[in-house]
Amino acid sequence: MYHSVGAPPLFHRLRGLYVTPQHLARQLRELQEAPGTAFTTLGEWSRLRRAGRQVSVTFDDAYRNLFTNGLPVLQKTGVRALTYVVASLIGKSNQWDEGTGARREPLMDRAQLVEWMRAGHEIGSHTITHRFLTSLSPDEARREIIDSKKMLEDIFGQPVRHFCYPYGDWNEAVRDMVREAGYETATSTIPGFNDAMTDAFVLQRLLARHERPYLAALRFPR
């Protein structure tokens, strides 16, 4: 689980959500060099559920710095990834962080997301407005989940099969809404690994941080 690709802002509580392009490249190389480990996409994983150690790379929020700083690294390493898009904020900024002291970051626009997909990468839904889903009424939560999928499919003309819970905020009712909306997977912020028995709508992830190589990802259970 990645967010922003760029220099972390100094003295900021969310600086751990940034990785530099150099760190990203090093972390991906470590994974490529790990014995018996293969990269996959969430789409491939959900359809095939192959045995063996596999890694899928995700980026929350579709920041523009992923396009400018991260895409060249992904192309150079040959790694395909998925970014979760906040459907009503394409080409805008991380408005959900207003009042938190977070740095204002621009988000990818339509043309950049089209180029991202043409380069072989995927997009998923991160709702319409990046709200805490469990704090909403059932109708509001359902709209965030269902309508964001339709909005993205209408904009880009292809199916949107993957969902990410903003802030990792979910419960059983929200999870069931995601399943009923026709998604294939949903990712959480629960740290851990997934296997054939894992609920595809509560997938666990490991947060990639800027301050050290991603060594934890090399310690897959055998």
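Computed from a prediction, not measured in an experiment: that's the story for all the values here. All values below come from the heavy atoms of this structure, side chains included, with hydrogens, waters and symmetry mates left out. Count residues from 1 along the sequence.
Residue pairs meeting the side chain to side chain donor-acceptor pair (under 3.5 Å) criterion with at least one partner in residues 67-77, sequence neighbours excluded, are Gln75-His121. Counting only residues at least two apart or on different chains, the ring-ring contact (aromatic ring centres under 6.0 Å, His included) pairs with a member in residues 82-102 are Trp96-His130. Here salt bridge (Lys or Arg N to Asp or Glu O under 4.0 Å) pairs that include residues 159-178, with residues two or more places apart or in two chains, are Arg161-Glu184, Arg175-Asp199, Asp176-Arg179.
The distance from the CZ atom of Arg131 to the OG1 atom of Thr129 is 5.0 Å, given to the nearest 0.5 Å. Separation of atoms OG1 (Thr37) and CZ (Arg53) is listed at 3.5 Å; rounding is to 0.5 Å. The CG atom of Asp109 sits 10.0 Å away from atom CD of Glu115, with the distance rounded to the nearest 0.5 Å. Atom CE of Met177 is separated from atom CZ of Phe201 by 14.0 Å, given to the nearest 0.5 angstrom. In this structure, OG1 on Thr187 lies 10.0 Å from NE2 on His162, to the nearest 0.5 angstrom. Note: Gln112 CD to Leu107 CG = 10.0 Å, rounded to the nearest 0.5 Å.
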Practice task
Decide yes or no on side-chain contact (heavy atoms from CB on, under 4.5 Å) for Val85 and Trp116, but give the supporting numbers first.
Solution key: CA-CA 12 Å; Val85 181; Trp116 166 265; over 6 Å; no
Practice task
List the steps, then state whether side-chain contact (heavy atoms from CB on, under 4.5 Å) holds for Gln54 with Glu44.
Solution key: CA-CA 11 Å; Gln54 298 169 78; Glu44 290 174 349; over 6 Å; no
Problem - CA sep, side-chain torsions, deciding dist, call: Asn94, Leu89, side-chain contact (heavy atoms from CB on, under 4.5 Å) - result: CA-CA 8 Å; Asn94 53 329; Leu89 297 179; over 6 Å; no
Problem - Derivation of the side-chain contact (heavy atoms from CB on, under 4.5 Å) call for Val73 and Val5 - result: CA-CA 10 Å; Val73 175; Val5 183; 5.8 Å; no
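In terms of modelled atom types and a separation under 3.5 Å, the side chain of Thr198 and the main chain of Ala200 share no donor-acceptor contact. Of the possible donor and acceptor atoms, one in the side chain of Thr83 sits under 3.5 Å from a partner among the backbone N and O of Phe59. A donor-acceptor distance shorter than 3.5 angstrom exists from the side chain of Glu144 to the backbone of Ile128, with no hydrogens or angles considered. Ser188 places a side-chain N or O within 3.5 Å of a backbone atom of Leu203 that can act as its donor or acceptor partner. A distance-only check finds no donor-acceptor pair linking the side chain of Trp170 to the backbone of Thr134 [under 3.5 Å].
Every residue two or more places apart in sequence or in another chain was checked for a salt bridge (charged side-chain N to carboxylate O under 4.0 Å, His left out) with Arg64, and none qualifies. Under the rule for a ring pair (Phe, Tyr, Trp, His ring centres under 6.0 Å), the partners of Phe163 that lie at least two apart in sequence or sit in another chain are Tyr165, Tyr183. Here Asp60 pairs with Arg205 under the salt bridge (charged side-chain N to carboxylate O under 4.0 Å, His left out) rule; sequence neighbours left out.
The one candidate from Glu105, Glu98, Arg104 that meets the side-chain hydrogen bond (donor to acceptor under 3.5 Å, both in side chains) condition with Ser93 is Arg104.
Between Ala181 and Ile146, the shortest heavy-atom distance links the atoms CB-CG1, 3.8 Å. For Pro72 against Phe67, the heavy-atom pair with the smallest separation is CD-O, 3.7 Å. The minimum heavy-atom distance between Tyr63 and Ser4, with the atom names listed, is CD1-OG, 3.3 Å. The two residues Ala141 and Leu133 come nearest to each other via the heavy atoms CB-O, 4.0 Å. The minimum heavy-atom distance between Ser148 and Ser125, with the atom names listed, is OG-OG, 2.7 Å. Taking all atoms of both residues into account, the shortest heavy-atom contact from Leu206 to Gly192 is CD2-N, 3.7 Å.
Hydrophobic clustering keeps Leu66 apart from Leu82 (ILVMFWY residues linked when any side-chain heavy atoms are closer than 4.5 Å, directly or through intermediates). Using a 4.5 Å cut-off between side-chain heavy atoms of Ile, Leu, Val, Met, Phe, Trp and Tyr, with links allowed through other members, Leu74 and Val114 fall into the same hydrophobic cluster. In the hydrophobic clustering of this structure, Met108 groups with Ile155; members are Ile, Leu, Val, Met, Phe, Trp, Tyr whose side-chain heavy atoms approach within less than 4.5 Å, directly or through other members. Under a hydrophobic clustering in which Ile, Leu, Val, Met, Phe, Trp and Tyr are joined whenever their side-chain heavy atoms come within less than 4.5 Å, directly or via other members, Leu24 and Val55 fall into the same cluster. Met117 and Ile90 end up in the same hydrophobic cluster when Ile, Leu, Val, Met, Phe, Trp and Tyr side chains are linked at under 4.5 Å.
Between Glu153 and Lys149 a salt bridge is recorded (basic side-chain N to carboxylate O distance below 4.0 Å). Ion pair Asp139/Arg142 flagged as a salt bridge, since at least one NZ, NE, NH1 or NH2 atom sits closer than 4.0 Å to an Asp/Glu carboxylate oxygen.
Using a 4.5 Å cut-off on side-chain heavy atoms (C-beta onward), Val174 and Leu136 make no contact. The closest side-chain heavy-atom distance from Phe39 to Arg80 is not below 4.5 Å.
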